[in-house]
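Working notes, structure below.
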Amino acid sequence: MITTDKAISLENRYGAHNYHPVPVVLEKGDGVHVWDPEGNRYFDFLSAYSAVNQGHCHPRIINALKEQADTLTLTSRAFYNSVLGEYEKYITEYFGFDKVLPMNTGAEAVETAIKICRKWAYEVKGIPENRAKIIVCSNNFHGRTITIISFSNDPDANQNFGPYTPGFEKVEYNNLSQLENALQDEDIAGFLVEPIQGEAGVMVPDDDYLKKASKLCEKYNALFICDEIQTGIARTGSLLAVCGDCTCKSHCERQPEHYIKPDILILGKALSGGVYPVSAVLADNEIMDVIKPGQHGSTFGGNPLASRVAIAALEVVRDEHLAQNARKLGEIFRSEMKNLQKECNLIHNVRGKGLLNAVEINDSPESSTAWNLCVQLKNNGLLAKPTHGNIIRFAPPLVMTEEQLTECIDIIKRTFLEFER
Ligand SMILES: *Cc1c(COP(=O)(O)O)cnc(C)c1O
């Protein structure tokens, strides 16, 4: 059996160093827990960047995977398969769109949305050839392909990866007047936005930002494109973050007042149930129909294994009321962290929505305080990782119970207070 030291030295020796992991090796997972090779148990407060909303190795999702794996796994889209249509009907009804385009990873789904938006701009909106531009936000994170990092302003993400893909305009996040200014350009095809900026450090915009942004897009005939890869599928206490405060089990029953329907919705991460990469782009016919046979695709996109896994992953979210649970536990978590902030000078700010939360540490982004705190949290049985140096994201699987959360809050409080001394 492999030890922690051995596993880490193998990764260091043979793997590209494109990550800087917290020094813990995970060997087994079940629900909100993971274990290292020595048998130590941890609460997972990262949930694979919100891909494991349903908890590790959820039996219903694993069974769907196993059954389909024994039957048929991959056909390519050169042929129809017996599961894809059922999945397409299920996911489009679940989120209230006419059609879905199935892909595998988040970045691929973002690329797909950009392609659909550009094609729509030329063929429906009538923008002259090669002039279409898409508005994005500063400090965005949409993935790692060349095109996507071309409109990132994180030097780690884009330095020395040029030349960059043109056709993107940046505006400040949560700034409606900048957005409206940018939208006046007749070559604007769409606005791509995260309803909450996850990687940027869980930046929650003003309550009316998304609604007003979507209205502005409508006014200037630009597509409102929501990247809900991290925020979607119950993470922030509603099925989609763009639903605001609505916890309808499925597509919103209270729209249009509480639900802003994006023109293009991008999903990934938890659509996989944490077991097999699945991503999706959803839109209504007038937009999706710009894509004709041969114009876009993926060998693995829409395969029967992915389709079965995604259906099960979405069923679990609905049947186990994960949006409602995320909302309830999120409120408890933030209020306890704000209490801790009163007695602990290490905490500068607490923010978030549902179970996507961040604690900003009272030190510079260059300091190692947040990292050292995460190492200490690990030693005390809880796994979290800093983002941008001084921000710790807390995002456990949504199947957590209130009792488990109380235990976790105790660990966090104890660790912070110990650390301060
Ligand atoms: C993780 C993430 C992506 C990229 O997904 P990958 O599956 O890693 O390619 C894109 N957008 C957002 C908002 C994300 O959080």
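When reading the values below, keep in mind they use all heavy atoms of this one structure, side chains included, and skip hydrogens, waters and symmetry mates.
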For Tyr276, check ring pair (Phe, Tyr, Trp, His ring centres under 6.0 Å) against everything at least two apart and list the hits.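 Listed in chain order: nothing, the list is empty.
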Set of ring pair (Phe, Tyr, Trp, His ring centres under 6.0 Å) partners for Tyr122, sequence neighbours left out: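 In terms of ring pair (Phe, Tyr, Trp, His ring centres under 6.0 Å), with neighbours along the sequence ignored, Tyr122 is linked to no residue.
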Between [X] (side chain) and [Y] (backbone), is there a donor-acceptor pair under 3.5 Å?
| X | Y | answer |
| --- | --- | --- |
| Gln341 | His348 | yes |
| Ser238 | Leu240 | yes |
| Asp185 | Asp187 | yes |
| Asn285 | Asp98 | no |
| Lys125 | Ile188 | yes |
| Glu194 | Phe141 | yes |
| Ser368 | Trp371 | no |
| Gln197 | Met203 | no |
| Ser279 | Thr105 | yes |
| Thr73 | Ala69 | no |

For [X], which residues count as a side-chain contact (heavy atoms from CB on, under 4.5 Å) partner, sequence neighbours excluded?
| X | answer |
| --- | --- |
| Asp156 | Asp154 |
| Leu74 | Phe300, Asn303 |
| Ser367 | Asp363, Ser364, Thr369 |
| Glu27 | Met1, Pro37 |

Atom [atom1] of [X] and atom [atom2] of [Y]: how far apart are they, to the nearest 0.5 Å?
| X | Y | atom1 | atom2 | result |
| --- | --- | --- | --- | --- |
| Glu111 | Ile146 | CD | CD1 | 9.5 Å |
| Asn357 | Ile391 | CG | CD1 | 13.0 Å |
| Ile134 | Phe168 | CD1 | CZ | 5.0 Å |
| Arg414 | Gln376 | CZ | CD | 9.5 Å |
| Glu402 | Asn325 | CD | CG | 9.0 Å |
| Leu223 | Arg118 | CG | CZ | 13.0 Å |

For [X] against [Y], the heavy-atom pair lying closest together:
| X | Y | value |
| --- | --- | --- |
| Ile412 | Leu377 | CA-CD2, 3.9 Å |
| Ile135 | Ala182 | CD1-CB, 3.6 Å |
| Trp120 | Asn221 | CH2-O, 3.4 Å |
| Ala189 | Ala121 | CB-CB, 3.4 Å |
| Leu267 | Ala109 | O-CB, 4.2 Å |

Could I get the full list of side-chain hydrogen bond (donor to acceptor under 3.5 Å, both in side chains) partners for [X], not counting sequence neighbours?
| X | value |
| --- | --- |
| Arg351 | Asn349, Glu360 |
| Asp227 | His142 |
| Asn174 | Asp206 |

One pair to check against salt bridge (charged side-chain N to carboxylate O under 4.0 Å, His left out): Lys219 and Glu180. What are the steps and the verdict? CA-CA 10 Å; Lys219 180 173 164 192; Glu180 180 151 24; 3.0 Å; yes
Give a yes or no on whether [X] atom [atom1] has more than 12 heavy-atom contacts from other residues, nucleotides or ligands under 6.0 Å away.
| X | atom1 | value |
| --- | --- | --- |
| Glu11 | CD | no |
| Glu420 | CD | yes |
| Lys170 | NZ | yes |

What ring pair (Phe, Tyr, Trp, His ring centres under 6.0 Å) pairs are there with at least one residue in residues 178-231, not counting sequence neighbours?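 Applying ring pair (Phe, Tyr, Trp, His ring centres under 6.0 Å) to every pair that reaches into residues 178-231, excluding sequence neighbours, yields Tyr173-Tyr209.
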Can you list every pair that meets ring pair (Phe, Tyr, Trp, His ring centres under 6.0 Å) and has a residue in residues 400-419, with sequence neighbours left out? none
Full working for ring-ring contact (aromatic ring centres under 6.0 Å, His included) between Tyr42 and His33: CA-CA 6 Å; Tyr42 305 91; His33 290 119; 9.9 Å; no
Would you please test Ile409 and Met337 for side-chain contact (heavy atoms from CB on, under 4.5 Å) and show each step? CA-CA 8 Å; Ile409 288 166; Met337 288 302 109; 4.3 Å; yes
Which donor-acceptor pairs under 3.5 Å do side chains of residues 380-389 form with protein atoms, sequence neighbours excluded?
from, atom 1, to, atom 2, distance (Å)
Asn380, ND2, Thr415, OG1, 2.9
Lys385, NZ, His20, O, 3.2
Thr387, OG1, Glu199, O, 2.9
His388, NE2, Glu199, O, 3.2

Could you walk me through whether Ile225 and Asp263 pass the side-chain contact (heavy atoms from CB on, under 4.5 Å) test, one step at a time? CA-CA 6 Å; Ile225 307 168; Asp263 296 304; 5.8 Å; no
Do the rings of Phe45 and Phe43 sit parallel, tilted or perpendicular, given the 30° and 60° boundaries?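 Rings of Phe45 and Phe43: perpendicular, as their planes differ by over 60°.
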side-chain contact (heavy atoms from CB on, under 4.5 Å) evaluation trace for Gln54 with Leu322: CA-CA 8 Å; Gln54 300 87 342; Leu322 296 189; 4.3 Å; yes
Do Thr4 and Glu38 have side-chain N/O donor and acceptor atoms under 3.5 Å apart?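 There is such a pair between these side chains.
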Are Glu315 and Arg60 close enough for a salt bridge, meaning some N to O gap below 4.0 Å?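 Yes, charged N to carboxylate O under 4.0 Å.
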For the pair Lys413 and Glu343, find out whether any cationic side-chain nitrogen is under 4.0 Å from an anionic carboxylate oxygen. no
Is there a side-chain contact between Asp289 and Lys99, using heavy atoms and a 4.5 Å cut-off?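 Yes, their side chains come closer than 4.5 Å.
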Could you tell me whether the side chain of Tyr94 reaches within less than 4.5 Å of the side chain of Arg318, counting heavy atoms only? yes
